[in-house]
Amino acid sequence: MIHRKDFQAGLIGRKLSHSFSPQIHAELADYNYTLFELEPDDVGTFLQNGSFDATNVTIPYKKTVMPYLAEISDEAQKIGSVNTITRTAKGLRGDNTDYFGFSYMLQKSGIEVKDKKCLVLGSGGASVTVCAVLEDMGAQVIVISRTGENNYENLDRHKDAAVIVNTTPVGMYPNNGESPVDLSLFPALSGVLDLIYNPARTQLLLDAQKLHIPCINGLTMLTAQAKKACELFLNTRIDDSEIDRITAKIAQDSENIILIGMPGCGKSTAGNLLAEQTGRQFADTDEVIVQKAGMSIPDIFAKYGEEHFRRLEHEAVCECAKKSGFVIATGGGVIKTESNFDALHQNGKVIWLQRDLQLLPSDGRPLSQQEGIVKLFAQRKPLYERFCDAVAQCEPEATLTAQNILSAFTAAFKEERQ
Ligand code: NAP
């Protein structure tokens with residue numbers, strides 16, 4: 001951590017409330033890092049009069065800022081956009097650290113691109129940077145654009161593609177669950193890179209994982225470009241290992257801890273406590289359903305049946321699981337709906353909370369009344385096994401249960417990153 005409390009840094013953009021940049025920069029240095037949300041007409045005035053020592057620039061102003069700069073680096077000039085502005089004797093200087101960011105992400109992914117056919121989805125600002133890196137690495141680059149010669153209607157021309165890089169916003173929060181392409185069209189794929197980092201696993205990346213194709217999200221790029229920007233801000237050098245440390249920290253902090261398990265196993269009690277202890281927010285999908293439906297779960301079952309309840313539950317799961325850094329308790333039967341699998345895993349680690357069946361309450365819960373706990377468990381066990389990333393035991397003391405959940409979550413998180 002670099003100490004420069006006197007330094008005023010920031011980020012210029014239009015809508016910045018979901019930005020991870022303040023958290024990343026807070027790990028790099030203790031300077032002030034302010035989010036400057038500007039309307040297009042205010043960008044010029046801000047650059048001329050704003051009180052900042054240095055600033056990052058994001059969507060949609062990476063080109064807008066260029067005419068206001070006295071000097072622009074060769075790399076930023078070549079890419080045609082600026083994401084870092086510093087002050088020099090000549091005036092404002094523009095750099096582009098996204099080139100370094102994507103190069104670092106590519107290197108970390110271990111995905112080979114030299115002499116490989118790489119499809120770059122989208123033709124916006126990030127696409128230009130990605131294409132420049134891929135070309136410099138010796139890849140054969142094809143841009144897929146909705147209005148280009150190579151577009152989403154003639155993807156079968158490129159069945160032999162080895163790598164896909166998504167530079168479109170398709171699948172990004174809040175439009176989680178959408179994917180720009182169907183990966184099954186590309187049997188020769190050996191890598192998928194998505195510049196999106198919220199959610200941690202877009203539908204594109206979840207599909208790649210199911211096909212066992214190596215893949216990576218855009219958080220590494222975001223951290224790497226921030227590290228490079230910080231170096232330019234303060235005219236210093238920071239070891240690349242900081243990128244990995246910060247990426248892992250932000251990824252872990254923003255990953256949801258999701259609890260599944262039999263009705264009455266303690267998900268809500270332990271989940272609430274864990275949220276309190278870790279400073280996370282808590283959500284309970286059953287509570288969301290009750291609030292939205294305006295009636296209790298037994299009443300929903302009695303009045304509309306289980307199928308209707310499962311639809312409401314899926315909606316509640318999608319709503320809760322697109323959030324970041326939450327502890328989320330789910331209903332005992334959440335694993336019965338296959339589409340909940342991707343929704344739960346897009347941004348979270350799923351922990352199966354296990355409790356001795358004899359200790360589970362048998363009253364007041366519709367399915368346990370109907371079928372009996374032992375029978376119910378036998379039916380659901382394979383589904384809990386399939387859905388979960390790790391297992392935690394329920395203890396007589398909720399504090400111990402919360403500790404078990406946190407350990408299981410941390411271990412599952414570390415295992416994925418190895
Ligand atoms: P941009 O300039 O707006 O470009 C996005 C491109 O995606 C558009 O030019 C368009 O290309 C395509 N596109 C947009 N909407 C689409 C839709 N509904 N369906 C299909 N294609 C669509 O934005 P950008 O600055 O390049 O950023 C793109 C994405 O990369 C964003 O999600 C951004 O958050 C992410 N990003 C991440 C990092 C990082 O550090 N991880 C850095 C930069 C950007 P066509 O018109 O040619 O189809």
Side-chain angles (χ1 to χ4, degrees), residues 11-25 28 40 56-66 75-76 79-84 95-109 119-134 141-155 164-182 192-205 215-230 243 246-247 250-251 254 322 324 346:
L11 173 65
I12 299 173
R14 198 159 190 192
K15 295 216 163 44
L16 299 172
S17 55
H18 293 289
S19 172
F20 285 4
S21 292
Q23 290 149 266
I24 297 173
H25 280 271
L28 290 162
N56 286 131
V57 184
T58 189
I59 300 171
Y61 300 135
K62 289 185 182 181
K63 276 188 195 299
T64 317
V65 296
M66 293 178 82
E75 219 161 56
I79 293 166
S81 68
V82 159
N83 78 338
T84 302
D95 280 90
N96 191 311
T97 66
D98 282 338
Y99 184 98
F100 171 78
F102 183 67
S103 307
Y104 194 85
M105 170 179 169
L106 189 56
Q107 178 209 319
K108 272 285 143 188
S109 72
L119 302 188
V120 176
L121 311 181
S123 67
S127 169
V128 178
T129 309
V130 164
C131 290
V133 173
L134 291 174
V141 181
I142 311 274
V143 173
I144 306 295
S145 165
R146 289 168 299 178
T147 52
E149 186 204 333
N150 292 295
N151 54 57
Y152 297 90
E153 306 307 315
N154 57 32
L155 284 174
I164 288 183
V165 186
N166 178 37
T167 74
T168 78
V170 178
M172 182 167 75
Y173 180 91
N175 300 315
N176 303 41
E178 294 173 12
S179 177
V181 289
D182 174 0
V192 176
L193 301 102
D194 199 331
L195 264 56
I196 295 170
Y197 45 84
N198 184 11
R201 295 163 209 89
T202 54
Q203 194 58 50
L204 185 73
L205 295 187
C215 59
I216 185 168
N217 73 18
L219 186 58
T220 304
M221 175 175 175
L222 186 75
T223 317
Q225 65 75 27
K227 185 219 77 149
K228 192 85 176 162
C230 180
I243 301 171
I246 297 169
T247 304
I250 306 275
S254 49
K322 67 159 76 163
S324 296
Q346 65 180 320

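We count ligands from 1, going down the list as the structure has it; atoms in each ligand are counted the same way. Please read all numbers here as calculations on a predicted model, not as lab measurements. What's counted below: heavy atoms across the whole structure, side chains too, no hydrogens, waters or symmetry copies.
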Chemist: Report all protein residues having a heavy-atom distance below 4.0 Å to some atom of ligand 1; order the list by chain, then number.
Modeler: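 Close residues (ligand 1, cut-off 4.0 Å): I59, K62, G122, S123, G124, G125, A126, S145, R146, T167, T168, P169, V170, M172, L195, I196, Y197, G218, M221, L222.
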Chemist: Examine the side chains of T247 and T223 and answer whether a donor and an acceptor come within less than 3.5 Å of each other.
Modeler: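 Yes, T223 and T247 have a side-chain donor paired with an acceptor closer than 3.5 Å.
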Chemist: Is a donor on one side and an acceptor on the other found under 3.5 Å between the side chain of S109 and the backbone of L106?
Modeler: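 It does hold such a pair.
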Chemist: Judged by modelled atom types alone, do Q346 and N176 share a side-chain donor-acceptor pair under 3.5 Å?
Modeler: yes
Chemist: Looking at every non-hydrogen atom in both residues, tell me the closest pair between T84 and A229 and how far apart they are.
Modeler: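 Result for this residue pair: OG1-CB, 3.7 Å.
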Chemist: Just do the side chain to side chain donor-acceptor pair (under 3.5 Å) check on S81 and N96 with the steps written out, would you?
Modeler: CA-CA 7 Å; S81 68; N96 191 311; 3.1 Å; yes
Chemist: Kindly list each side-chain donor-acceptor pair under 3.5 angstrom involving residues 57-64, sequence neighbours excluded, with atom names and distances?
Modeler:
{"from": "Y61", "atom 1": "OH", "to": "L38", "atom 2": "O", "distance (Å)": "2.6"}
{"from": "K62", "atom 1": "NZ", "to": "D98", "atom 2": "OD2", "distance (Å)": "2.8"}
{"from": "K63", "atom 1": "NZ", "to": "G80", "atom 2": "O", "distance (Å)": "3.0"}
{"from": "T64", "atom 1": "OG1", "to": "P60", "atom 2": "O", "distance (Å)": "3.4"}

